[in-house]
2 protein chains.
Amino acid sequence: MDRRSALKLSAAAAASLAIPRALHATTASTPTIEKWGLFETSLTATAPANPFDVDLAATFTHATAAPITVRGFYDGDNTFRIRFMPPATGEWRFTTRSTLFALDARTGSFTAVAPNSTNHGPVAASGLHFCHADGTWFHPFGTTCYAWTHQTEQLETQTLATLVRSPFNKVRMCLFPKSYEYVNQRPPYLPFLTNSDGSDDHSRFNPDFFRHQERRIAQLGQHNIQADLILFHPYDRWDFSRFPAAVDDRYLRYTVARFGAFRNLWWSLANEFDLLKAKSTADWDRLAALLVAEDPYAHLRSVHYSKVLYDYAKPWCTHASLQSYATERAPEWRAAWQKPIIYDEMMYEGDLPRRWGNLSGQEMTFRFWRAVIAGCYASHGETFLAPDTRDSDQHIMWAQGGIRFRGTSPERIGFLRRIVESAGPLTAVPDAYYPCAVAWGKESEGRELAATPVSSPDKASASLLAGPPPATILYFFDFHQPAEYEFPLPKLASYRADLIDPWAMTITPLPGTHSGKSLHKLPARPYMALRFRRA
Amino acid sequence: MDRRSALKLSAAAAASLAIPRALHATTASTPTIEKWGLFETSLTATAPANPFDVDLAATFTHATAAPITVRGFYDGDNTFRIRFMPPATGEWRFTTRSTLFALDARTGSFTAVAPNSTNHGPVAASGLHFCHADGTWFHPFGTTCYAWTHQTEQLETQTLATLVRSPFNKVRMCLFPKSYEYVNQRPPYLPFLTNSDGSDDHSRFNPDFFRHQERRIAQLGQHNIQADLILFHPYDRWDFSRFPAAVDDRYLRYTVARFGAFRNLWWSLANEFDLLKAKSTADWDRLAALLVAEDPYAHLRSVHYSKVLYDYAKPWCTHASLQSYATERAPEWRAAWQKPIIYDEMMYEGDLPRRWGNLSGQEMTFRFWRAVIAGCYASHGETFLAPDTRDSDQHIMWAQGGIRFRGTSPERIGFLRRIVESAGPLTAVPDAYYPCAVAWGKESEGRELAATPVSSPDKASASLLAGPPPATILYFFDFHQPAEYEFPLPKLASYRADLIDPWAMTITPLPGTHSGKSLHKLPARPYMALRFRRA
């Protein structure tokens with residue numbers, strides 16, 4: 001038998017983002033997948049030694065788009081896979097390269113067709129904001145379910161349904177299992193195969209573990225939820241946070257090879273990196289450089305800290321992923337980093353006896369407003385410990401997931417998300433007295449402006465308001481309760497005003513149209529917002 | 001006629017603090033006044049030139065206490081006065097010195113008797129806190145009525161009654177009239193006599209103006225309200241903020257000579273000093289040095305800024321007078337300054353269309369709690385502009401004063417004041433998770449400890465809690481809402497617990513006594529406090 005005939009060359013594609021079953025389907029004809037969909041081909045071969053050590057890559061070429069080389073990976077059962085996310089429509093051809101002769105010089109092709117209307121491609125940074133590859137803005141309103149993919153099938157299915165029903169479009173989640181206060185369940189899968197003595201064999205990955213993770217990532221993708229995947233974290237009873245460099249590097253390469261082609265993927269290099277005491281700055285720099293080198297799609301990349309603010313000016317970071325609620329520092333940080341800022345942990349709504357885990361719903365809601373008005377984004381998390389009368393099998397959304405969000409903030413965060421989505425990217429433009437944010441116009445105009453970093457937003461107010469009239473101006477009064485306020489609107493445009501109550505979730509149109517200095521009576525209650533939209 | 005017989009040597013004293021009428025009463029017999037009361041003697045003489053240029057001083061001597069020299073002042077109508085606050089009981093004798101022969105070498109005496117029970121003497125800094133000269137703690141819970149002594153007689157009388165009824169024991173007030181947004185009334189008195197062309201004669205003070213001011217200071221003193229007197233400020237349409245150095249110095253000498261003997265006086269060198277653009281750092285240093293030199297009683301001294309944080313480590317400052325609500329920075333500032341800290345402006349409760357003038361009552365209340373839990377103090381101010389249905393002649397308490405406080409915070413600030421007064425000085429002792437403050441025991445014990453500056457309060461927690469068990473431990477959960485919390489109480493003492501609702505103003509005793517690690521159910525609502533007191 002010819003060595004080539006021993007290969008089972010297959011390609012699979014799902015209509016939109018690949019789902020698990022589709023990943024392993026095969027077809028003899030030239031497959032067709034969507035642009036930014038997931039193409040997969042599998043090859044069968046017996047490796048003479050550790051199959052995880054086999055080098056395998058494929059270069060995908062296109063008539064006009066630049067060629068892209070991706071790493072393949074071993075998936076157990078003598079099966080090797082190569083995955084690819086095509087960034088252009090049309091025919092793509094590929095050729096493999098491998099240290100294993102049986103996997104080398106394999107070729108194939110597929111056709112990428114136009115995406116369906118819900119497929120906007122992966123998200124990237126655009127100036128101080130984010131947008132999909134097709135130019136559609138993406139405004140992250142995320143939540144946190146660190147260990148939701150390390151639970152029982154039933155619970156994970158419930159959590160997925162909860163996330164899909166929620167207002168959140170991003171979820172921070174750990175690839176390694178988590179061991180921490182309130183999170184001590186034994187995970188159903190572990191990432192490594194074991195030696196005969198029961199210890200982990202760090203040179204051989206457990207395909208079941210990774211298959212399970214990628215199934216959840218794909219399911220999130222089906223609902224356009226971004227998976228902000230945390231690659232390292234310190235909540236560890238298995239030594240995953242204390243590997244030698246060679247093991248870390250191997251894990252990172254394997255993970256990128258498996259997951260890189262999922263378009264809803266973001267890389268969070270670590271959670272609370274500064275708590276991983278075994279790693280040095282040089283380690284993090286090496287891992288970041290590896291992530292950049294291994295991922296041909298340049299998925300969003302950041303890292304999250306506990307107490308030591310990371311230097312987000314480092315070129316590998318696409319955005320800042322803060323543990324902070326100091327939204328008043330956004331102008332300073334933005335000037336230093338010139339990148340989008342996500343307040344990825346502003347503490348959590350809940351009732352835990354831990355400082356970080358018992359914000360009121362009001363506090364969480366208003367922190368989101370403060371972040372948005374500062375021209376930034378925020379993430380949510382929920383940590384209720386008290387018994388849930390509707391869930392006899394108690395879970396914490398922030399850790400395990402669960403059947404529902406119990407807090408009062410998610411609904412209000414959804415309300416804010418709709419306001420932002422209807423406005424477009426917001427730029428912080430400090431008024432003399434109150435913070436406000438403006439959206440600069442239609443989507444395309446906004447994108448252009450947002451892509452120009454504002455180096456000193458604090459000084460921008462007067463000059464920007466003197467420039468082209470923005471489409472939307474949003475004021476948030478926070479703990480202030482003025483009975484009236486004179487808004488400095490642009491003189492060149494006419495605006496309609498809405499009084500917004502972020503807690504009651506009401507939008508009340510105010511009479512008339514307004515231009516230039518515009519005096520408005522306000523309800524003399526705290527936490528009100530006023531929105532002006534071009535008439 | 002002998003030149004001496006031309007003098008009318010008189011002495012006057014009020015039972016406690018001098019009140020205006022008493023100031024000008026005379027008596028032939030050796031007068032008797034209280035320790036820390038106000039002794040005054042007047043001398044009549046015709047000055048050959050400007051009587052305000054006459055140098056006059058008197059040295060007061062006592063059998064055991066150190067001698068004290070005070071400056072006299074010209075009060076119009078050929079009358080010169082010398083005022084003195086005796087810091088010890090017993091006989092005090094004095095001799096004058098003057099460049100004017102008629103005022104020189106005059107002698108007299110009076111007897112200082114034990115103070116009445118409400119007279120605790122002037123307030124001074126004691127470690128990180130304040131206490132009266134008799135050792136009684138003073139916990140400043142002040143308000144702000146910048147221009148209340150520059151209004152009509154009727155309004156000032158109303159304001160005084162409002163202050164006396166209020167929970168506030170200190171008031172920030174400007175000696176110069178104020179001209180600012182919402183404060184544009186023509187003051188009834190101005191500080192200088194005028195030249196024939198109507199311009200101010202900066203070499204001659206208007207005794208009516210100063211007599212009026214000191215009457216109000218004395219009235220506050222009768223009710224044990226401290227007058228935090230602001231000597232310079234930028235809210236000025238009369239050029240009071242732009243004098244040459246010689247005029248400033250003369251004004252300062254005259255003011256100290258007139259007011260120094262009032263025991264309820266604090267000096268605030270300036271309000272928002274950094275907005276007085278005509279003055280340099282050297283000017284402020286010179287004025288501060290002059291204040292130190294002129295005031296033999298060492299009344300409390302500070303200065304208030306707008307944007308440029310003052311260096312409160314300067315030795316002339318007895319305490320910090322912040323414009324800030326960054327109570328989380330208290331440990332850092334305390335370590336740098338080692339002095340009491342008052343957050344003298346944390347914005348104001350009200351409804352003004354100005355960022356600084358429209359806090360909700362909740363926000364003002366919780367800012368006071370944050371300051372107290374940080375081991376500091378705070379000041380209040382009220383700025384309601386909307387019509388007051390109970391005051392047809394609209395006034396703003398923060399500016400003119402008025403018939404009542406309209407906000408919801410004063411009552412709650414009074415509630416907090418009672419909690420603090422029952423505990424004694426509070427030292428910030430960060431818990432691992434929540435801020436708390438402790439009072440160290442009985443008044444005298446507390447004083448001793450408070451007088452020892454804590455150079456690094458953040459590191460003090462464990463060691464202090466391992467030391468002598470404090471009398472009171474107060475936790476404030478701010479925006480946190482834990483459903484339970486394990487408090488790390490000292491093991492060596494037994495405590496009773498109270499749940500405190502700072503907004504509802506309820507104190508609910510919890511059952512049992514507690515020691516060591518002590519787990520308590522909490523109401524899972526934000527803004528709760530828990531107090532432990534030694535059983």
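Numbers restart at 1 for each chain; the letters A, B, ... are given by sequence-line order, proteins then strands.
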Are the side chain of Tyr343(A) and the backbone of Arg367(A) linked by a donor-acceptor contact shorter than 3.5 Å? no

Counting heavy-atom pairs closer than 4.5 Å to chain A, which one of Arg525(B), Glu484(B), Gln481(B) comes out on top? Gln481(B)

Cut-off 4.5 Å, heavy atoms of chain A, and the answer for Pro435(B) is both

Region of Phe477(B) in contact with chain A, defined by heavy-atom distances below 4.5 Å: neither

With a 4.0 Å cut-off, would you call Asp236(B) and Lys178(B) a salt bridge? no

Would you call the rings of Phe366(B) and Tyr527(B) parallel, tilted or perpendicular if under 30° counts as parallel and over 60° as perpendicular? parallel

Between Glu363(A) and chain B, with a heavy-atom cut-off of 4.5 Å, which part of the residue counts as in contact: side chain, backbone, both or neither? side chain

Heavy-atom pairs under 4.5 Å with chain B: which of Leu359(A), Leu352(A), Thr383(A) has the most? Leu359(A)

Determine yes or no for a side-chain-to-main-chain donor-acceptor pair under 3.5 angstrom, with Asp501(B) supplying the side chain and Trp503(B) the backbone. yes

Please rank Met347(B), Gln362(B), Arg355(B) by heavy-atom pairs under 4.5 Å with chain A and give me the top one. Arg355(B)

Options Trp356(A), Tyr434(A), Phe384(A), Tyr485(A), ranked by heavy-atom pairs under 4.5 Å with chain B, top entry: Tyr434(A)

Under a 3.5 Å distance rule, please check whether Ser379(B) uses its side chain to pair with a backbone N or O of Glu345(B) as donor and acceptor. no

Please check this pair: side chain of His514(A) against backbone of Tyr495(A), looking for a donor-acceptor N/O pair closer than 3.5 Å. no

For each of Gly350(B), Ala386(B), Gly357(B), Ala524(B), tally heavy-atom pairs with chain A at distances under 4.5 Å, and name the one with the top tally. Gly350(B)

